[in-house]
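All values below were derived from every heavy atom in this structure, side-chain atoms included, with hydrogens, water molecules and symmetry-related copies excluded. In listed order, ligands and their atoms are each counted from 1.
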Amino acid sequence: VGACLRRRPRRRHGAGAARRRRAGAALGAAAAAAGLAIGHRFMMAPPACRSLPTIRSVRPPPGCPGRRKSRSIRTRCAVTSPRFGRPGGRSYRPASSSRRGRRARAVPANAVVLHFDDGYLDNWLHAAPILIEAQAPATFFASLDFVAPGKQPRDRAACDDGRGYMNWPELEALDAEPLFEVAPHGIDHGRVAVSDRIVGKVTQANWRSLAWLQWAQMPGPKHDWYLHETPPAVPVGAPVPESEGALAAAAFVGGRRETQSEYRARVRDHLGRCRDMFTRRLGRAPALFCWPENRVSAAAREVAAQLGYAASTGGEGRNTAAEPSHILSRIHAGDRALGFRWGPAEALRIRAAVGLFAGNHYWYLVAAPMDLTRRLVMGLRERFGSRFA
Ligand SMILES: [Zn+2]
């Protein structure tokens, strides 16, 4: 009995503990599963229907004499990567932004749209052949004042380093290619002063990043502005006013801000001149408009719609079906993902950027350490000069 008495409660106690342990484990597992499910929901936003990486320029392929000189960004790796560029691949599928001529077709799942801004010559020389090879559609945005003179498309075999801008025959040839379309990026890529507040001054070190000040004083063609060694129009020491994208805000001129109707009239004139020039050159009205620096206002969007532009850039959303279809949100595809140029890293970082944009926050696990490395390497480079990396 004693043994029984001793044993039974012990058995009961043992059974209860096991039950409690089992229950505890089940509860823990359920909590962990719920945590993971909630975490997963937090990590995975609802899918966006398309994402829009923007690329400005592409470096010449290996073996070109101009390669070393080139200061443009290297995205060849990203565009040619089978995980990124091949249509029908398991990953992202390049699609056309305005789906010109195939309106009825739905946007494929995992679609990305490639935008090339600013009309750089390397787009014609180096990007277009890669895109054609990958059968990847793309849109090229050019600013009228920066279109280079020239009556012939330049020879790709010449292996030019691609500095400078495309000419009209090159833009026309791109637009004639069924994969591509060419659309306006404004006239002068300008900014305007928005007050009489001075926020800095022009120096030899900063004048290129403040090029809008020079452009504003250089009416007409500006395709060769980058060849100047010193500021061509506004001298070192000149004040820099508070400014905003020229199409995004009322300008401060003659001691006052433009009225809303003056501002709208300026935007209408600007967008109308772009539409007319592109229509004359390409034989059709442009469907898209790309706001310089992605700076835009609600009033400017309204003017663009009135002038017949179907959509324009500058959105800050994710291009989901719930968002207005006339606003295109884009992400910037940069280079030096690790602080130095290395093809596979650039491809991975762009892949992560597109994944994050599409709502898959697991890509932070890739992007965050890469961005941290980049910051460290850039910091070291700043400290120790170009000897490092
Ligand atoms: Zn631009």
Side-chain angles (χ1 to χ4, degrees), residues 51-59 70-75 79 97-98 113-128 138-148 162-168 170-171 174-175 180-192 206-216 218-227 243-249 251 266-267 270-271 273-275 277-278 286-297 300-301 304 309 311-316 327-335 350 353:
S51 31
L52 304 166
T54 26
I55 296 166
R56 278 149 48 118
S57 51
V58 174
R59 292 179 88 210
S70 173
R71 282 198 265 153
S72 51
I73 69 166
R74 181 180 196 182
T75 39
V79 179
S97 6
S98 67
V113 172
L114 295 172
H115 282 184
F116 290 78
D117 287 9
D118 301 331
Y120 291 123
L121 173 58
D122 56 25
N123 295 183
W124 162 256
L125 293 178
H126 312 306
T139 306
F140 300 86
F141 294 102
S143 304
L144 291 181
D145 280 0
F146 293 84
V147 176
R163 282 191 84 192
Y165 299 86
M166 287 186 274
N167 61 31
W168 273 114
E170 287 154 357
L171 291 167
L174 283 183
D175 196 67
F180 302 148
E181 77 181 290
V182 173
H185 190 36
I187 297 172
D188 55 1
H189 211 286
R191 294 180 75 83
V192 288
N206 73 12
W207 78 267
R208 284 175 190 277
S209 57
L210 294 170
W212 71 270
L213 273 174
Q214 308 297 326
W215 298 339
M218 299 164 71
K222 313 179 203 329
H223 56 90
D224 55 0
W225 74 275
Y226 64 93
L227 296 173
S243 64
E244 171 57 287
L247 302 176
R266 180 166 58 82
V267 173
H270 193 115
L271 267 58
R273 279 161 64 197
C274 285
R275 184 197 54 190
M277 184 55 139
F278 275 76
L288 305 174
F289 190 86
C290 178
W291 305 101
E293 299 182 30
N294 274 326
R295 305 298 299 162
V296 59
S297 69
R301 277 202 201 285
Y309 291 99
S312 63
T313 61
E316 287 171 355
I327 298 178
L328 306 175
S329 298
R330 314 191 300 169
I331 48 174
H332 181 69
D335 72 338
I350 291 177

Can you tell me if Cys290 has an N, O or S atom under 2.8 Å away from the Zn ion (ligand 1)?
->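 No N, O or S atom of Cys290 is closer than 2.8 Å to the Zn ion (ligand 1), so no.
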Please work out whether the ring planes of Phe140 and Phe116 are parallel, tilted or perpendicular, with thresholds of 30° and 60°.
-> parallel
Degrees at the Zn ion (ligand 1) between the NE2 atom of His189 and the NE2 atom of His185, nearest 10° = 90°
Determine whether the aromatic ring centres of Tyr120 and Tyr165 lie less than 6.0 Å apart.
-> yes
Determine which of the N, O or S atoms in Asp118 is closest to the Zn ion (ligand 1) and give its atom name.
-> OD1
Min side-chain heavy-atom separation Asp188-Ser143 under 4.5 Å =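 No, every pair of side-chain atoms sits at 4.5 Å or beyond.
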Taking salt bridge (Lys or Arg N to Asp or Glu O under 4.0 Å) as the test, write out the residues that go with Arg275, two or more places apart.
-> none
